Amino acid sequence: MNLLTFDTHAKLHESGAGIITGLVQTNPRAVLGLATGGTPIGIYEEIVKSYQRGVVRFRDTTTFNLDEYVGLPEDHAESYRNYMNMHLFNHVDLPRAQAHIPDGNAADAQAECAHYDKLLEQAGQIDLQLLGLGHNGHIGFNEPDHALISGTHIVELREETRKANARFFDSMEQVPSHALTMGVGTILKAKMILLVVKGEDKAEIVHRALTGPITTDCPASLLQTHPHLVVLMDSEAGRLFQ
Ligand code: GLP
């Protein structure tokens with residue numbers, strides 16, 4: 001596990017973007033696992049800047065997002081499809097057919113999950129999986145539970161997760177109750193995992209996840225078992241490691 005702490009967000013974002021664009025420069029056919037939430041926005045901004053400077057291209061790259069809300073129209077401001085369009089896909093040359101996100105409006109959610117796993121299997125191993133961290137230790141939308149599911153599945157969001165994400169919606173009632181998420185098995189199969197954590201409010205959970213017991217009560221704790229985990233933190237989130 002390689003832990004890196006940064007004293008400014010600018011340095012953290014540049015480093016995160018540099019790891020991702022470096023991979024695509026050396027392997028244009030890379031398969032990237034992408035994340036949403038507030039945390040990676042600055043990293044996507046830096047990736048777009050690199051693309052605009054002409055130092056990286058995404059024509060041959062394939063991406064798989066971790067998760068999507070159930071029941072939000074694709075063009076809803078807070079759908080993860082819209083998030084990805086706004087922060088990355090609209091600004092780079094990644095062909096849309098190669099940019100995969102689970103369809104939260106599929107009539108048959110189980111079939112959509114099986115289809116997503118099929119696409120993942122066809123793409124081969126994810127080369128790099130970008131991850132944020134939920135306040136309760138969730139990764140993707142894999143919530144703390146007595147057991148975790150390996151493949152893509154439908155999940156009922158925990159109250160604390162809906163509350164945390166309510167800041168992006170007009171009211172708590174508008175936050176969807178369910179989501180589709182890649183499972184922890186798929187996440188852990190990635191060749192490299194890039195976990196990004198920012199803010200004092202994540203200091204305890206990231207410390208517990210990376211140094212505490214490995215338990216399904218804290219899904220991110222399973223990342224301790226990964227052979228190639230890189231963690232980027234700001235100094236607030238990394239406070240307990242010093
Ligand atoms: C969300 C997403 C996760 C994200 C996490 C943290 O619910 N499903 O993929 O990593 O919660 O979000 P944020 O970066 O906004 O704190």
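Quantities reported herein were computed from a predicted structural model and do not represent experimental measurements.
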Members besides Leu180 in its Ile/Leu/Val/Met/Phe/Trp/Tyr cluster (side-chain heavy atoms under 4.5 Å): Val70, Ile154
Give a yes or no on whether the ring-centroid distance for His138 and Phe141 is below 6.0 angstrom. yes
Would you confirm whether the ring centroid of Phe168 sits within less than 6.0 angstrom of the ring centroid of Tyr69? no
Heavy atoms only: give me the nearest Thr216-Asp145 pair and the separation to one decimal. OG1-O, 2.6 Å
Side chain to side chain contact (heavy atoms under 4.5 Å, CB included) filter on His100, not counting sequence neighbours, yields Thr62, Phe64, Tyr116, Leu119
If you look at every heavy atom in Thr39 and Lys198, which pair is closest and at what distance? O-NZ, 3.1 Å
Taking 4.0 angstrom as the limit, do Glu160 and Lys163 come out as a salt bridge? no
Only counting residues at least two apart or in another chain, list the ones meeting side chain to side chain contact (heavy atoms under 4.5 Å, CB included) with Pro95. Gln98
What closest approach, in Å, do Ser235 and Thr5 show between heavy atoms, and which atom pair accounts for it? CA-CG2, 3.6 Å
Taking NZ, NE, NH1 and NH2 as the nitrogens, is one of them in Glu68 or Arg81 under 4.0 Å from a carboxylate oxygen of the other? no
Taking side chain to side chain contact (heavy atoms under 4.5 Å, CB included) as the test, write out the residues that go with Leu3, two or more places apart. Met1, Leu210, Val231, Met233, Phe241
Output all residues satisfying side chain to side chain contact (heavy atoms under 4.5 Å, CB included) with Asp93, sequence neighbours left out; order by chain, then residue number. Tyr51, Arg57, Phe58, Arg59
Would you check, one step at a time, whether the test side chain to side chain contact (heavy atoms under 4.5 Å, CB included) holds for His153 with Thr181? CA-CA 6 Å; His153 59 284; Thr181 184; 3.6 Å; yes
Glu112 to Ile101 - nearest heavy-atom pair and separation: OE2-O, 4.4 Å
The criterion is salt bridge (Lys or Arg N to Asp or Glu O under 4.0 Å); which residues satisfy it with Lys189, sequence neighbours excluded? none
Separation between CD (Gln25) and CD1 (Ile20), nearest 0.5 Å, reads 12.0 Å
Glu204 atom CD, neighbour heavy-atom count above 12 within 6.0 Å: no
